[in-house]
Structures are given as C-alpha cells and as structure tokens.
2 protein chains.
Amino acid sequence: MSVQSPQSSPAAPSPLIAAAEAAPTTPALVVELDALDRNLARMVEAARSRGFKLRPHAKTHKCPQIAARQVAAGAVGLTVATIGEAEAYAAAGVTDDFFIAYPLWLDDGKRRRLAKLAAEVRVHVGLDSVESARRIVGTGASVLIEIDSGHHRTGVRPADAGALALAASELGLTVDGVFTFPGHASGRGSTVSSPLSPVETRERATRDQDAALTEAAASLEESGIEPRVISGGSTPTAGLARPGRINELRPGVYAFNDAMQLALGACELEDVALCAAGTVVSVPAADRFVLDTGSKVLAADPNAWAPGYGVVPAYPGSTVIQLSEHHAVVQLPEGVGAPRHGDRVAIIPNHVCNAINLADELVIVQGGTHVDTWPVAARGANA
Amino acid sequence: MSVQSPQSSPAAPSPLIAAAEAAPTTPALVVELDALDRNLARMVEAARSRGFKLRPHAKTHKCPQIAARQVAAGAVGLTVATIGEAEAYAAAGVTDDFFIAYPLWLDDGKRRRLAKLAAEVRVHVGLDSVESARRIVGTGASVLIEIDSGHHRTGVRPADAGALALAASELGLTVDGVFTFPGHASGRGSTVSSPLSPVETRERATRDQDAALTEAAASLEESGIEPRVISGGSTPTAGLARPGRINELRPGVYAFNDAMQLALGACELEDVALCAAGTVVSVPAADRFVLDTGSKVLAADPNAWAPGYGVVPAYPGSTVIQLSEHHAVVQLPEGVGAPRHGDRVAIIPNHVCNAINLADELVIVQGGTHVDTWPVAARGANA
C-alpha cells in the first residue's frame, strides 16, 4: 500500500499523511504526536502570554494520556461535559480540579455520583437555573453561572447572572464565577445564514463573549458575589480573546484541529494532528473513489463553511460528496487521477470531537512510526 | 420526574414515551420491546408472503440479542457491513451464514481474519472490482457482485456484472449472485435536490432496484454463471419490492424505524421502537427547552425530508433546531408550554444506525418496565 500523491502536487507526503500510512489497518483514527504536542504547547503559551489560565476541554479527546500532557504543559485543570468524563479522568489521576461546563440536572443517581466525585477532587459545575441549583446543594460541588453570549443554547442573560448567583448562594452553594461558550464563533446554529465571513464570525463571537462576561461579572459584583473565575471558550476564539476581565480559556479542539477549524481560519493544515486513515475500497469512476471511513468513523457533522464531510489533504480541491455509515465518496477535481484500490488515504474530519467519540482507541504515530495506542477511556461517557 | 404531555395533546403517553420514562438515567437509548418484536415479525411475514428470503442488516442494532430474535423470527442469515461485525455475531453463535454487504479490500490482517471466520461459518462478501477479488481468493469466502442501482456510491453497472463475475470465477472465487443497495430511496446523496416526494422517491428507487438487479442477473447468466442470490435492500423499499427475479431482501432500520423512515412514510409513529431518553436541563425561553441528548447520543445525521435533528413525539410540531455534542435545543410550536427542568422527554433519532453505534448498551423496556439491558456488542466494529 503506497500513499498516492495527486498528479497536481508531487510534493513529499505531509507528516499527517505519513501518519495515516502507519496505522495497522483501516478505518482508524491516527494522531500525529509531534503536531499534537506543538498544539498543546502553543495554546498554553498563547494563554499565558495574555494572562489567561488554560482549562482545556477534555471532551474533545476523552483520552487520559492526552489530558495528562495538557496538565503537564501548564493547564490549571480540565473542563469536561459530563460527570462520567470527570470520573474517567479522576480515576486516571490526571488532575484534581474539574469544571463540568454543563447545566447539569441531577437525578438521584447523578447526585450520588457527583457527591462521591466531589469528595475526591475539586468539582465546579455549570448552572443556569434555580431549579438545577436545588439539586446541586449538598453534593460538595461549587458552581459557575452560565451566560448566553450569543450562541442561544443554554445560559442566562448577562444581566441576570447576579440574581441567579445570589439565589444559588442563598441555597448554600459556592459561586465561583461566570462562564460562556461562544459557540456561534463556528458559524453553526444561529449564524449559518449570516453574511459574515468565517474570520468576521469569529471576531464577532469573541467580542460578544468579552462583552457578555464583563457584564455578567459586574452583575455578580452588584449582588455582592466576587466573580473569581471569568471563563470563556474556545478554539476559534482563543487566539482573538483580549486580556480584560476574562481570566480563563477553555478551548478543546485545538489539541488536534479539524476541517471546521481549517475553514474558520483558526489553524493551518500543518496544525492538524488527527486524521482518519482510510483505504480505497472502490473506484467507481475515473474522478471518484470510495474510502472505508464513513459516518461511523468521521461522524456526520456538516461544515458550515465548506462543502462535504472532511478534507482529504493529499487531494487538494477534492470534496467528500457523500457519506454513508461505511463509505466516504470523494470527488476529485478535474485532471487529477484517482488512487488505486487498497491505497491508504488520510481524511480530516469536520468535527474531531464527534469523530473521536466513535473510536475505542487512537493510533499514535511519531515520525511516521506507530509508537503507541491510547484508549479513548471516556468514550460514550454521556451521563 | 413526570412525562410532560403538551398542552395541545392531553392523550395518554405512548408506549415509546413511557419507555423513555423507565430508563434509569439519561441520556440513554431505550428500546420498546413489544414494538421491536412487532416490527421483526411483520417484516418476516411481508417478505415471506411475496416469496423473498429475509437477511436483515445487523449493522443497525449491532446487538446479538436482537440478531437472535431476527433469526428466530425467520431470517435466513445476517447481513453485516464489516468483518468485525460478523466476528461479533459469530462469537455470539447467532447464525452460521453471513453476508458482508461491502466491497471489502483486504489488507493482510483482514485476509487472515476473513479466512478464520470463513472456516467457522459461511461468509459471502460484496465485490465490485477485480482488484478486490484477487485479495479475496483463498479466504474461503464466496462473493456477490455489487450493482449500482442509482445511489452512485459503490457497485458496477448492471451490464458489467457478468464480466466481473466471470473474472472472479476465473480467479477461483464462487460467485453467489448479485446485490444492490437502493440508498437513493432515502433521498440522501444524489437525490436531495430531487423534485420527487418521499413516496415517489421510494417508488422510483424500488423500480431502479428491480430493473438493475434483473439486468445484472441476466448479465451473469450470459456469462454462464447462475445468479442463485439476487438481493435488494432496504427498509424504505422493502414494502414496495415486487416479486420477480429478486429473491432476498436486506432491510436493517425496520427493527426500530427512525425519524427518517417517518418522514419517508415507511412507518407510523407506533412502529418506532427506539428513542433517546433525555432530561430537560435548561429552559432558556418559554417556547424552547434543552435536552441532554446531543450529537454524541443522537448522531448528527440530517433528515433529507424534515428540518431538525429528530422527532419529539410528546410535542407534535416541535423542531430540534440545534444539536451540539451534549445539547438538543427543541423549539416548540406556538401556544405549547415548555416542560420543566428535570422532566423526561423521548426523542426519536433521524438515523437509528448511527445513534446506536454511539451507545454501549440498549435499555430494554416492556410495558413501561425496564426489563433488561443489552450490550451493543459490535459497537465501533468498523474494520
């Protein structure tokens, strides 16, 4: 099996393409370790140089080995999405400080699990309602008030943060501060039909985040509560966030990057540290081929800024025009010949978080050699 | 936690909604067992009454307990998508006859695995190229020629089937017959922009399938090869397929149905046997609520015929307007009040196959009672 270079680009294969070649079989998710470590170090430095603490979102990789590298590189703790993710990382001994950045509603089983976890490590959880606050009381977890900064998903309005913080405090909860996820930076959801460019979209979301968190922090202070933590996202906004009241960032995707971040201009191709390794299983036409990396490997997330279901770096100008559970159909640009049956082809997922959540393990490659296999220990830990 | 009925529909909760209520926690995938068994029995009868053998596609559920019920109900064997799925079902002793309906390209490891499997059970595999045939020779697996009947994914043209069958036969392979997947029946891929209605789309794909398989079977005969198996899909076409040359059907989704099949008119709401059980974690507005069933539970598949990311049966007219990894944002129709924090809400995924592939287990409910938990044993078995 040889990597096919497209006829229009006879350059040496990139490290990511070479990494795909090193996977024992396909389909598989492959991590180019040097690119991963560069990404981790660069984000720590970018945060530190502007006075932000870094609390990476570990839902992206769900992998204790990578979380340990993030902490070793200077992260102050981890962000996670669920109690189950925190349990997995705590069991691995990665850190003793977790923020579950989600407005948890605790049934009796989750109350017990959260209390057990909070007896072992520090746990902060998201909060956007008094109803949820009542269920958190007594677990030992502290809370951060979630603010809607424009993504219109969860969270209270900035001006309402102080009232909720006060109510939570009166119920006996410790309020650490405020947080938001400026998810509209990625152009998904409410801004899909926006006339803004990707960079303008990221810049606007970053401004929205700054304004919302600043107003929310002031709202807490007016209620007599100190906003010790003022926490923002995210990979597409992290590089644009300005020093100010915000004192913590929670990017996740930056560890690997993906086709969405490429389209947003938040990274370059050489910053992409993960791909799916696929094999050409069918060549139904001279300008079209089919890989075994379907939606059960790549996930079916659309890219708001680019057509298709991923980027095929060896074939610039190609489009993944169709994605089934076990098929990715790649349309080639004019004049580029298709690879042969059995050729190995790297494909970058649109959204790396959902791709990794499909895999039981990550194939770790360094310098073109398969050096390790890391379990996706928190895979499927949705509760 | 009580199931909230919408104000506009005070009827008793459906069995599916009651099943969601019985899940121990959320998010979880819940199977309403009586509906599942009705679906299994009905498809066997529908096939048998028209002279078709039934070989259900077990990639949908990846669950040996359900495969065993399909075989017990009268299936002649199982269809799977990967060697790994066949290995999982063979290890469970569910059947001794597998069709891997995929144009496998065998690297050395897969050659060894396929040979080992074919020494234990009967294995037929899909084939659409001479290149792939060369790698299958010597494994003990027989082949079916894959035909493109209009989905334009993999497969040869019907008229080319005989030549490929002859070449495979000359290489030493046993050719069992021909198969196709009329995936354009679902309106995804090439027919998304079609002016046809859902029912017209299904009818056209069924006619395409009949014509393509009939031509392909004749092409084999002209090459002197008997097409013993002439095999078609699929849930949206199974009810429309006419007796003729086709002698086998391979539907998969019918075991549960999903929001896509509802939109296609291939099932009714009472035929849906699986939902995600979610909890209301946030109520950001009077006409909007947020469930904990995100794309890591439902999968992000779009529905070509309906907006949003699933159907919420307790709230007719609602739309899942936004799907993040851990959030499903439900927009209510005018005049319908939102449920309360902590309420349990059932949501039907757009595409059940990809949803199940995210779960480690299925919560089995009968008569509103949680009676069992079945492992998704072949989850992630993509290779």
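Letters A, B, ... are given to chains in the order of the sequence lines, protein chains preceding strands, and every chain is numbered from 1.
Per-residue heavy-atom pair counts under 4.5 Å with chain A were compared for B:H326, B:R153, B:R135, and the maximum is reached by B:R153. The candidate from B:E146, B:E131, B:H341, B:K110 with the greatest count of non-hydrogen atom pairs under 4.5 Å with chain A is B:H341. Top candidate by heavy-atom pairs under 4.5 Å with chain A, chosen from B:D360, B:V283, B:N357, is B:N357. Of the residues considered (A:P284, A:P27, A:G109, A:G380), A:P27 shows the highest number of contacts with chain B, using heavy-atom pairs under 4.5 Å. Ranked by non-hydrogen atom pairs under 4.5 Å with chain A, the options B:D128, B:T293, B:D148 are led by B:D128. No other option in B:T26, B:V297, B:N354 has as many heavy-atom pairs under 4.5 Å with chain A as B:N354. Ranking B:S324, B:S132, B:G155 against chain A, the residue ahead of the rest is B:S324, based on heavy-atom pairs under 4.5 Å.
Using a 4.5 Å cut-off between heavy atoms, B:R379 contacts chain A through both its backbone and its side chain. If you measure heavy-atom distances from A:A359 to chain B, the contacts under 4.5 Å come from the backbone alone. For B:V290, the part lying near chain A is the side chain, with the backbone staying farther off; criterion is any non-hydrogen pair under 4.5 Å. With a 4.5 angstrom heavy-atom cutoff, B:V156 does not touch chain A via any of its atoms. For A:T82, the part lying near chain B is the side chain, with the backbone staying farther off; criterion is any non-hydrogen pair under 4.5 Å.
Other residues, nucleotides and ligands contribute over 12 non-hydrogen atoms within 6.0 Å of the CZ atom of A:F289. The environment of CZ in A:F181 is crowded: more than 12 heavy-atom neighbours from other residues, nucleotides or ligands sit within 6.0 Å. Atom CZ of A:R157 has 12 or fewer neighbouring heavy atoms from other residues, nucleotides or ligands inside a 6.0 Å radius.
Under the 4.0 Å criterion applied to side-chain N and carboxylate O atoms, A:K59 and B:E325 are assigned as salt-bridge partners.
Interatomic distance, A:W105 CH2 to B:L291 CG, rounded to the nearest 0.5 Å: 13.5 Å. How far CG of A:L29 is from CG of B:N382: 9.0 Å, rounded to the nearest 0.5 Å. In this structure, A:D107 CG and B:R344 CZ are separated by 7.0 Å, a value rounded to the nearest 0.5 Å. Atom CG in A:L104 sits 12.0 Å away from atom OG in B:S282 (nearest 0.5 Å).
Residues B:Y102 and A:V281 come closest through the heavy atom pair OH-CG2, 3.5 Å. Nearest heavy atoms, A:H327 versus B:P103: NE2-CD, 4.3 Å. Of all heavy-atom pairs between B:C353 and A:K296, the closest is O-CE, 3.8 Å. When all heavy atoms are compared, the tightest approach of B:A383 to A:T25 is CB-CG2, 4.4 Å.
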